[in-house]
Protein chains: 2
Amino acid sequence: MSEEANPTRKRLVDAATKLFYAEGIGRVSVDAVAEKAGLTKRTLYYHFKSKDDLIAAYLEGRDQPNLEQMAGWFEAAEGGADKKVEAIFTNLARVTRHPKWKGCGFLRTAAELAATPGHPAVKAGARHKTNFEKWLASALSGHDVAEAKMLAREIVLLMDGAFSSMLIHHNPDYVAAAGHAAATLIRARMMGKG
Amino acid sequence: MSEEANPTRKRLVDAATKLFYAEGIGRVSVDAVAEKAGLTKRTLYYHFKSKDDLIAAYLEGRDQPNLEQMAGWFEAAEGGADKKVEAIFTNLARVTRHPKWKGCGFLRTAAELAATPGHPAVKAGARHKTNFEKWLASALSGHDVAEAKMLAREIVLLMDGAFSSMLIHHNPDYVAAAGHAAATLIRARMMGKG
DNA sequence: GTAAGTATACCAACTAGTGAATATACAAGC
DNA sequence: GCTTGTATATTCACTAGTTGGTATACTTAC
């Protein structure tokens, strides 16, 4: 009935996640999602009132796992804040090389839905990006809180730029350059402009 | 017959440009493009062998105008390289506020076509981004050429991040923050880490 | 027996792309 | 000045398939 403890609903969201990410929301029919879940379309429409609803559920389901991935990479790295952030980008450069990587699902969905600004899926994507930015600011706020917020925003910009550049060029050098720039900004702002 | 001097072809590309940018390539039918151009679909298919071809022509047509826009903003600004680059972002923050602004057409198209990597339109988008990066590197290369190239890449990353963040948040503060970060990087790298 | 969940079958609208005919322009033959 | 031939350019009508969404009925579990 509710969110988590519904196996049928979860099967549908899982199927939607795989298909929407792999092919894009516009190129995947609700029939295809239902079939992938081993259910009929009518069942899908029992659990979701529309395709747009299903798209929103797909992105909402990706918020926590993505945040945990990033935090895991940050915490596992040795060194100061600059090195820890650069480690995120190093890991990103690795995963974005994988042929199944098809960009950041949140940004891609926002791009596909640019013509319908109030779409619940775009809002879910914005919430995720804000959550990530807030987590990053808190992870960086050993020194000045205001400066950590500014830095977090700049790093988010570099990361979204890296996702976009990687998607269009398929060249991981852009991700590495973004990591390098992020580390430079951290040193320039946190460590006395060095 | 050829590329430029074909009014019918131009009418089709102009109509495609307006519709594809406003609504996204997947949400616009070739019928809609033909109708907007005041022609029949069959005529469209006389000039373009497929919808994919038309999409590629749309992005190829945006390369030069976009570059000229950016170069114009850069050259019109007063001050050093940091100020001139920041001026690009200031202008960008203004135009991205407009309700008709729907993201960077090159990035949005790459996002929509992420499932078909070799698509000619994605290649056209990648060429444009490379052209912009090269122009920026040459515009910054008063000092060290290698450093100008690195800087140009980092600024491109910030700009694409700004486009993406603006698309998902509809908040121009992200564009301003990107401009601020770009100026900081220029000063840190070109002007003796100040 | 009632309510939640699932299935079959269907719809009207829309999709990219095509076959065959036609219109226009311009040249050559006489 | 006509006719004929040919290449370019455009239209009408069509196909074959897909789309999001629904009306109706069946099956469980309690």
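Chain letters run A, B, ... following the sequence lines, proteins first and then strands; every chain starts at 1.
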TODO: I would like to know whether B/F163 and A/L107 meet side chain to side chain contact (heavy atoms under 4.5 Å, CB included); could you show each step before the answer?
DONE: CA-CA 10 Å; B/F163 286 140; A/L107 294 183; over 6 Å; no

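- Taking only side-chain nitrogens and oxygens, B/T8 comes nearer than 4.0 Å to OP1 or OP2 of D/dT10.
- The distance from atom OH of A/Y45 to atom P of D/dT19 is 11 Å, rounded to the nearest whole Å.
- In the set C/dG19, C/dT6, D/dT10, the nucleotide with an atom closest to the side chain of B/T43 is D/dT10.
- In this structure, A/R9 places its CZ atom 16 Å from C1' of C/dA4, rounding to the nearest Å.
- Rounded to an integer number of Å, the gap from B/R27 CZ to D/dT19 P is 15 Å.
- Taking atom OH of A/Y46 as the reference point, atom P of C/dA3 lies 12 Å away to the nearest angstrom.
- Nucleic acid contact class of A/V28 (heavy atoms, under 4.0 Å, all strands): sugar-phosphate only.
- Dashed line: the shortest gap from a side-chain N or O of A/H47 to OP1 or OP2 of C/dT6 is under 4.0 Å.
- At whole-Å resolution of the value, CZ in B/R11 and C1' in D/dA9 are 12 Å apart.
- The closest donor-acceptor contact from the side chain of A/E154 to the backbone of B/A178 lies at 3.5 Å or more, if one exists at all.
- Counting to the nearest Å, the P atom of C/dT22 and the CG atom of B/L39 are 21 Å from each other.
- Straight-line distance from the CZ atom of A/F48 to the P atom of C/dG5: 12 Å, rounded to whole Å.
- Other residues, nucleotides and ligands place no more than 12 heavy atoms under 6.0 Å from the CD atom of B/E35.
- For B/R42 against C/dG19, a side-chain N or O and a base N or O form a donor-acceptor pair under 3.5 Å.
- Nucleotide D/dG20 holds its C1' atom 10 Å from the CG atom of A/D52, rounded to whole Å.
- Among the heavy atoms of the strands lying under 4.0 Å from A/T40 is at least one base atom, whether or not backbone atoms are also near.
- Taking the six-membered ring for Trp and thresholds of 30 and 60 degrees, B/Y58 and B/F20 have ring planes inclined between 30 and 60 degrees apart.
- Side-chain atoms of A/K41 come within donor-acceptor range of the base of D/dG21, with a qualifying N/O pair under 3.5 Å.
- Each of B/L136 and B/V145 belongs to its own hydrophobic cluster when Ile, Leu, Val, Met, Phe, Trp and Tyr are linked at side-chain heavy-atom distances under 4.5 angstrom.
- Position along DNA chain C of the nearest nucleotide to B/K51 versus A/D31 favours A/D31 as the more 5'-ward residue.
- Within 4.0 Å of A/S29, counting heavy atoms only, lie sugar-phosphate atoms of the nucleic acid but no base atom.
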